[in-house]
Amino acid sequence: MAESLAADRTLARATEVAFQVHSVDAPHEHVLRSIALFADEVAPALGYALSPTPHRTSADENLTLKENA
């Protein structure tokens with residue numbers, strides 16, 4: 001997936017990426033695993049990493065993906 005996205009010339013101009021985790025009604029734990037895999041594997045391969053987000057209130061929600069500068 002990362003290789004396919006990286007090959008897309010519009011990625012350099014994109015300000016956000018939306019994706020559908022599953023096209024069927026998958027169990028919640030499968031959806032969460034897919035999101036985690038995207039954050040852990042795909043995003044870093046495209047130059048993004050998790051960064052603290054101080055304005056969030058929950059410790060579990062205290063991370064956001066940011067472009068590596």
**Request:** Identify, with sequence neighbours excluded, every residue that meets side chain to side chain donor-acceptor pair (under 3.5 Å) alongside Asp8.
**Result:** Thr10
**Complete:** The reported gap from CZ in Arg9 to CG in Leu11 (rounded to nearest 0.5 angstrom) is 12.5 Å
**Prompt:** Which pair of heavy atoms, one from Ala26 and one from His30, lies closest together, and at what distance?
**Reply:** CB-CB, 4.2 Å
**Message:** My understanding is that only residues two or more places apart in sequence, or in another chain, count here; which of them pass side chain to side chain contact (heavy atoms under 4.5 Å, CB included) with Ala45?
**Reply:** Ala2
**Glu29, CD atom: more than 12 neighbouring heavy atoms under 6.0 Å** = yes
**Counterpart residues, side chain to side chain contact (heavy atoms under 4.5 Å, CB included), relative to Ile35 (two or more places apart)** = Val21, Val31
**Request:** Verify the cluster assignment for Met1 and Tyr48: are they in a single hydrophobic cluster under the rule of side-chain heavy atoms below 4.5 Å apart?
**Result:** yes
